[in-house]
Amino acid sequence: MTSQTAHAEPAEAAIADTTAIAVDVDRVSKIFRGETEVRALDDVSVGIRKNEFFTLLGPSGCGKTTLLRLIAGFEPPTMGAIRLGTRDISRLPPNQRPINTVFQNYALFPHMSVAQNIAFGLEMLGKPKAEVQRTVDEMLRLVRMEELKNRRTSEISGGQQQRVALARALAPHPEVLLLDEPLSALDLKLRKDMQIELKRLQHETGITFIFVTHDQEEALTMSDRVAVMSAGKILQVGRPRDIYERPAERFVANFIGESNFLDATLSGGTVELAAGGRFDVRVPEGVRDGAVSVLVRPEHASVRSGEAAEGETGATVENVVYSGEATVVHLRLATGEAMKIRLANAPQGGEAPPQTGGAAAIRIAPGAVTVLKD
Amino acid sequence: MSAQAETPFPPGALEREAETADTRRRWLLSLPAIAIIVCAAAGPLLVMVIYSFLTPGDYGNVKWEFSLEGWMNTIVQRDIFDDTLIWADAHLSIFWRSFSLSLITTILTLIIGVPTAWFVATQPPGRREFWLFLVTVPFWTNLLVRTIAIQELIRSEGVINLVLLKIGIIDEPLQMMFTDFAIGFGMTYVYLPLMVLPVYAAVDKLDFRLVEAAHDLYASRWTAFRRVILPLIKPGIIAGSILVFVPCLGAYVTPRVLGGGKNLMFGNLIELQFGAGRNWPLGAALSLMLMAAVMVALIFYVRITSREKADG
């Protein structure tokens with residue numbers, strides 16, 4: 001119970017101790033030995049809670065899909081253990097784990113109808129015919145596919161296939177549902193709908209969802225908690241808001257949302273920006289006084305035309321980009337650092353944004369400055 | 001010319017023009033195929049049909065006199081002494097032997113060929129070519145040479161008997177040559193690649209994520225094979241079975257070398273009519289019968305397998 005919270009924030013750890021753990025990944029490493037040795041997972045520990053919508057987020061090749069495959073049982077871990085609750089399932093074959101997967105390309109059986117696909121898992125579990133029939137009907141209703149139950153899977157659209165894949169994986173009522181980038185093949189509109197649909201399904205079924213994606217927006221909007229992965233390691237685990245506002249490392253900040261990285265000097269809980277301005281900050285564990293890198297999100301600062309007053313930072317406007325709901329102002333600070341600030345657009349006639357080439361004053365919101373570990 | 005070019009075409013005329021040109025081109029491209037089919041398949045077949053209704057010549061060949069004798073002789077034969085008609089049970093038993101041996105051979109090649117194809121298709125991409133190459137190596141040598149090599153293995157003084165005698169499992173050599181076993185063994189060896197290759201192609205196309213999905217949905221290895229893999233590689237199995245069964249029915253060289261003169265198969269029976277038997281019309285009629293039997297068997301087989309598919 002200690003290892004899986006190793007990467008969590010102190011506040012998270014307290015919650016974790018009181019909430020039941022559904023999947024306990026305990027110091028798991030996975031090494032693929034081919035012509036070259038690839039360490040796909042490097043000493044990963046994480047505890048996924050019951051009934052949680054948990055997302056593994058990271059760029060391709062970060063090990064998120066490998067971790068999912070290990071939990072599903074398609075590959076054994078090279079080191080470490082995976083537990084379901086307290087039961088070690090590391091060596092169980094996939095057909096003996098109460099875990100189902102929604103595959104990236106759905107992997108629907110092409111020689112079976114929609115209903116037969118959904119019934120497959122139930123039949124394999126040896127459920128009586130009447131129960132299979134009942135559950136299949138229930139699942140068809142849940143994913144709104146009743147009319148298409150007798151269609152071949154090749155005769156339905158991508159979004160419909162997606163829903164059948166979901167229904168098929170949910171039908172045996174697994175303890176944990178794994179979703180491997182299930183939305184990546186859908187177009188934007190459909191993806192947004194399915195995001196809401198997935199949240200609804202998770203809520204209605206009360207099953208623990210482990211969701212893999214490289215789409216940070218998807219991760220932030222859907223998850224209860226997110227684990228950001230890179231190069232086979234979990235960098236940070238936390239609620240979407242914590243991950244976004246308090247990223248622990250530059251990689252996390254960079255991967256999620258847009259970022260301004262500024263040079264600063266830390267001394268006893270206060271940073272002084274090289275470009276000017278002092279801010280009280282929360283100092284992450286292991287960061288010493290001295291030169292540090294800080295993060296300011298573009299929407300956590302404002303900018304106006306004119307010379308900087310007390311508590312503001314002076315800059316030159318390099319570019320102003322209008323993008324509908326916001327205007328992004330690109331600035332050059334006195335130190336030569338670049339910074340961009342996103343201003344929400346008011347109706348026309350309000351205060352005009354700064355003009356290109358002019359002097360500008362930046363005001364950074366209190367609490368908007370985050371000290372990064374590296 | 002210029003006046004003609006300025007005349008506006010009726011709507012759709014250009015498209016129709018292009019379409020007919022397209023059709024013409026397609027016909028032109030298929031001309032070689034049509035020529036081959038006509039010369040190599042339809043033509044000889046017509047000759048066989050005509051010959052089967054003619055009278056046998058004295059020294060082979062045919063006399064151009066219409067006769068039903070050829071067809072009659074396939075099922076009945078005229079007694080040499082009193083001209084009474086009796087059932088040609090020799091033909092029937094030969095046909096039955098051909099049919100059952102072909103069936104057994106097909107089943108054996110399935111049992112050996114499907115795991116082999118699976119093994120090759122699941123090798124890493126670089127090594128697959130090597131195994132495929134090994135599968136096709138027998139084609140590089142003449143069929144007769146390969147069959148004689150088998151003879152060398154199974155004859156009374158052959159390798160198998162020598163080894164078995166040496167280690168004392170048997171006291172006297174097993175009689176394997178000139179038996180149905182020898183024919184089945186030889187044909188299984190000869191036709192195995194024809195099963196492996198189409199099944200390999202089917203397994204190669206198989207999406208292994210479907211197998212993972214089956215395991216994920218609680219299917220054991222055997223159930224995943226039966227419910228997911230088998231239905232998906234069925235086209236390959238059907239193609240392989242046809243490729244093995246059909247030439248087996250008409251096999252000639254292998255039964256001749258390994259089965260000797262006693263264990264005739266249908267192919268040998270036909271050959272006999274065109275050779276020593278000097279009864280070309282009978283040979284032609286038997287050939288056509290064999291062809292009809294193959295077609296009936298195929299229709300039956302495809303019907304059964306596709307009905308299973310519809311049932312899911």
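Throughout, protein chains are lettered first and strands after them, A, B, ... in sequence-line order, and every chain is numbered starting at 1.
- Between Phe225(B) and Trp118(B), the gap from one ring centroid to the other reaches at least 6.0 Å.
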- Message: Apply salt bridge (Lys or Arg N to Asp or Glu O under 4.0 Å) to residues Glu175(A) and Arg97(A) and explain how you reach the verdict.
- Response: CA-CA 9 Å; Glu175(A) 287 177 36; Arg97(A) 301 184 185 199; over 6 Å; no

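- The parts of Ser220(B) that come within reach of chain A are both its backbone and its side chain, each placing non-hydrogen atoms under 4.5 angstrom from that chain.
- For a residue to count as touching a neighbouring chain, one of its non-hydrogen atoms must lie under 4.5 Å from one of that chain's; by this rule Gln104(A) does not touch chain B.
- Both the backbone and the side chain of Leu210(B) come within contact range of chain A, each with at least one heavy atom under 4.5 Å from a heavy atom of that chain.
- Heavy-atom distances place the backbone of Ile99(A), and not its side chain, under 4.5 Å from chain B.
- Looking at Phe103(A), the atoms closer than 4.5 Å to chain B (heavy atoms on both sides) all sit in the side chain, from C-beta outward.
- Aromatic ring orientation, Phe53(A) versus Phe209(A): tilted (interplanar angle from 30° to 60°).
- Proximity to chain A (any heavy atom under 4.5 Å) is shown, for Ala224(B), by neither the backbone nor the side chain.
- Contacts of Leu122(A) with chain B are absent, with no heavy-atom separation under 4.5 Å from either backbone or side chain.
- Both the backbone and the side chain of Asp216(B) come within less than 4.5 Å of a heavy atom in chain A.
- Annotation: side chain of Met229(A) is not in contact with side chain of Leu57(A) (no heavy-atom distance under 4.5 Å).
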- Query: Could you go step by step and tell me if Asp224(A) and Lys199(A) meet the salt bridge (Lys or Arg N to Asp or Glu O under 4.0 Å) rule?
  - Reply: CA-CA 10 Å; Asp224(A) 294 322; Lys199(A) 276 302 276 186; 3.8 Å; yes

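- The parts of Arg168(A) that come within reach of chain B are both its backbone and its side chain, each placing non-hydrogen atoms under 4.5 angstrom from that chain.
- For the residue pair Tyr301(B)/Ser241(B), the side-chain donor-acceptor check at 3.5 Å is satisfied.
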- For the pair Arg69(A) and Glu75(A), evaluate salt bridge (Lys or Arg N to Asp or Glu O under 4.0 Å) and give the outcome as yes or no after the intermediate values. CA-CA 6 Å; Arg69(A) 290 176 60 80; Glu75(A) 321 249 4; 3.2 Å; yes

